[in-house]
Asker: 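Input: one structure, supplied below.
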2 protein chains.
Amino acid sequence: MNVTGHNRSPASIRDVAAAAGVSYQTVSRVINGHPSVKQSTRERVLAAIDELGFRRNATALALARGRSRAVTVLTANTTHYGYASILQGVEESARSAAYSVGVGVLESADPAAVTAEVQRAADAGGGLVVIAYDPEGVQALEAVPAGVPVVGIVETPASPPTDNRPWVWTDDRQAAYEATRHLLSLGHETVHYVAIPSSTRRTGARTSGWRQALKEAGAAQPRPVQGSWGPAGGHAAGRKLARDPSVTAILCGNDDLALGVLRALHEAGRSVPGEVSVAGFDDAPHSAYLTPSLTTVRLDFTGLGRAAFALLHGVLEESAPIAPHPVSVPELVVRESTGRPSA
Amino acid sequence: MNVTGHNRSPASIRDVAAAAGVSYQTVSRVINGHPSVKQSTRERVLAAIDELGFRRNATALALARGRSRAVTVLTANTTHYGYASILQGVEESARSAAYSVGVGVLESADPAAVTAEVQRAADAGGGLVVIAYDPEGVQALEAVPAGVPVVGIVETPASPPTDNRPWVWTDDRQAAYEATRHLLSLGHETVHYVAIPSSTRRTGARTSGWRQALKEAGAAQPRPVQGSWGPAGGHAAGRKLARDPSVTAILCGNDDLALGVLRALHEAGRSVPGEVSVAGFDDAPHSAYLTPSLTTVRLDFTGLGRAAFALLHGVLEESAPIAPHPVSVPELVVRESTGRPSA
DNA sequence: GACATGAATGTGACCGGTCACAACCGCAGT
DNA sequence: ACTGCGGTTGTGACCGGTCACATTCATGTC
């Protein structure tokens, strides 16, 4: 009988101490597995703990220790596949390290709101993981107060964040490069690009990888079409591209955009991959089941989340040395949506 | 200059008090907007706060007050559309109430792990939102220690959780009922069902709504096909159903399953909706862009999340009275994937 | 038998806030 | 001059743990 049902407020170590006839300090020692506690005493204390249903108060612990086994993930979105998977990865490893995980969403538009959210997360006391794939995330990363442990998840290894904080990345640039080369190698004259909103005012890593592949191949470099994140944006972009008969290959900034593009092409009566090839980015779970199934670049988002946590964990506990910035290697997955041009 | 760069440890109210030449209690009063503080004093304190870059320590606050403006969402998954959207809804309203949001994932298989996760979340001190759409969630809801404020998000209003804790729901039963009736009204002899894992050992709400519609129409009641959550499960189920030429209408437990079913039918050479009609559940963002676009039942998951938080907020702050269990009304969205049977 | 030694335990202060209560202030009422 | 009172401010204890240090006790050694 470890829970006595109608207990008023939860038992503290002093309650346990009283019940076991020892001092609170001894109870503390037992909880923390300190060696110098006589066996008989330890057993008495453990019995009392069980009896009273004692659980160590996490808040008090955090206050006394000055740090709180907690990580907060700051992200612009929690529903898109990549973001959600990163969160899942962080949560996964955080859980097995007995850390708790918080989420803070960075509301677009308002910079003050972003800063406020960062502040609140910082006040929580633990470490921060900032997903800096988009403008809000980048701003958030910069707004993190000095002294707060933080790991950034960024799009490109090219230019590190302003200071020497650790970060992890997927090599999006390389990934886009490879996807573009795949399409070119099939015989397409050039490849059009439907972009996701880029992380900075400058060109995003995916865009730049695509561009480089075109350049190296001496192919024409059409203007990227700006899309949003979701399928609706892809659909809008796809309608424009579908009107241009010279378009035979389209690379999309993510799989959702690609889905919208596929739909737009279908509505315009252009067959995929017969007339137009389409490739995506991310390899979301549904991409393999579309008709036609989607050629895309698989990115290990959950692995990225795990790496971010591992890094942060190292910083917070000062135990494990900070591993060099982990990279996850993207992998091109060729499916039905890409093929040789018909002409 | 509110941040003095190289500040060692963050300033406490006593630091501020010293700087302003008042007692710590006066600082506390200023922070909390207590009326009886002389205007000149207040200004002096505010100046010191700004000077030292003081921020109130959330941990200490929680310890002193005995409760912490925090909510933890317990869920079996963070990436599936419905779950992720609920989380988003909770986060959204939590943020505007200046609450922080935690996430705990309930690892399947191991019941002990589920209980442990619930415990850790409870220890965090705030309130709990448990998504009890699946066996893990239901178990978690039951494992919440007495005295911890909790709101459950359940599948069916039929049988409330064991005790009188508040909860919210979507009327999944009614939704499935309507979707089934839609298919029957198109002239299908009967409707097959690909089920998501149900929340209890008994039949899930969606299954039961489907069954009732068939019963009322005097239609045959085929065995539901067990699927998992993702498209892979739907694909497997779809392959079985595709082999049976008598199958002309399939209702799926969610849109991901439906996607897998669509793919399987395509592979088997059966046209949708020409030979077979397919309907999903949830109205995920991509469902409208599939080819054929998916008939489905739209559920307001973010609204559900918001409602859950509102309820919990009421409990935690004892201010607003507990509103009656909010329901969000599902809406049938008819698209291309359903039509009259060909025969 | 006196003393150093190490194991086992207890005491007080502290983390950074809050709460309850006491004390001080100036001013009106008698 | 004495009292009452509301506005202002300060003091001490507390939330539930930890940490640094002091203390007690049994033991082995000279």
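Chain letters run A, B, ... following the sequence lines, proteins first and then strands; every chain starts at 1. Just so you know, these numbers come straight off a predicted model, no measurement behind them.
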Asker: Anything under 4.0 Å to a heavy atom of chain A counts; send over the first and last such nucleotide of DNA chain D, read 5' to 3'.
Answerer: dG16(D) to dA20(D)

Asker: Taking E117(A) for its side chain and E107(A) for its backbone only, find out whether a donor-acceptor pair lies under 3.5 Å.
Answerer: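 Answer holds: no.
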
Asker: Kindly state which residues belonging to residues 28-40 of chain B come within less than 4.0 angstrom of DNA chain D, counting heavy atoms of the residue only, listed by number.
Answerer: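 Per residue number, the list reads R29(B), S36(B), V37(B), K38(B).
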
Asker: Does a side-chain heavy-atom distance below 4.5 Å link T170(B) with L304(B)?
Answerer: yes

Asker: Indicate, with yes or no, if the rings of Y99(B) and F309(B) have centres closer together than 6.0 Å.
Answerer: yes

Asker: Relative to the 5' end of DNA chain C, which residue comes earlier, G21(A) or A60(B), by the nucleotide with the nearest heavy atom?
Answerer: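 Counting from the 5' end, the first nearest nucleotide belongs to G21(A).
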
Asker: Need one value for R55(A): base, sugar-phosphate or nothing, where a base atom within 4.0 Å counts as base even if backbone is also close, heavy atoms only.
Answerer: sugar-phosphate

Asker: Within the structure shown, what part of the strands sits under 4.0 Å from L61(A) by heavy-atom distance: base, sugar-phosphate, or nothing?
Answerer: sugar-phosphate

Asker: Are R69(B) and E317(B) ion-paired here, with the side-chain N under 4.0 Å from a carboxylate O?
Answerer: yes

Asker: Are the side chains of L312(A) and P166(A) in touch, meaning some heavy atoms are under 4.5 Å apart?
Answerer: no

Asker: Describe the nucleic acid contact of R56(A) in one word from base, sugar-phosphate, nothing, applying a heavy-atom distance below 4.0 Å.
Answerer: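 Counting heavy atoms under 4.0 Å across all strands, the contact made by R56(A) is with sugar-phosphate only.
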
Asker: Between Y83(A) and T78(B), does a side chain to side chain donor-acceptor pair (under 3.5 Å) hold up when you go through it step by step?
Answerer: CA-CA 10 Å; Y83(A) 293 102; T78(B) 56; over 6 Å; no

Asker: Quick one: on DNA chain C, does T41(A) or R65(B) contact a more 5' nucleotide (nearest heavy atom)?
Answerer: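 Mapping each residue to its closest nucleotide by heavy atoms, the 5'-most match is T41(A).
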
Asker: Between T115(B) and P111(B) (side chain of the first, backbone of the second, donor and acceptor by atom type, cut-off under 3.5 Å), is there such a pair?
Answerer: yes

Asker: Please figure out whether R42(B) or A64(B) has its closest DNA chain D nucleotide nearer the 5' end.
Answerer: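 Comparing both residues, the 5'-ward one is R42(B).
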
Asker: What integer distance in Å separates Q25(B):CD from dA23(C):P?
Answerer: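 From Q25(B) CD to dA23(C) P: 16 Å.
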
Asker: Which donor-acceptor pairs under 3.5 Å do side chains of residues 13-23 of chain A form with protein atoms, sequence neighbours excluded?
Answerer:
| unit_1 | atom_1 | unit_2 | atom_2 | d |
| --- | --- | --- | --- | --- |
| D15(A) | OD2 | S12(A) | N | 2.9 |
| S23(A) | OG | Q25(A) | N | 3.4 |
| S23(A) | OG | T26(A) | N | 3.4 |
| S23(A) | OG | T26(A) | OG1 | 3.4 |

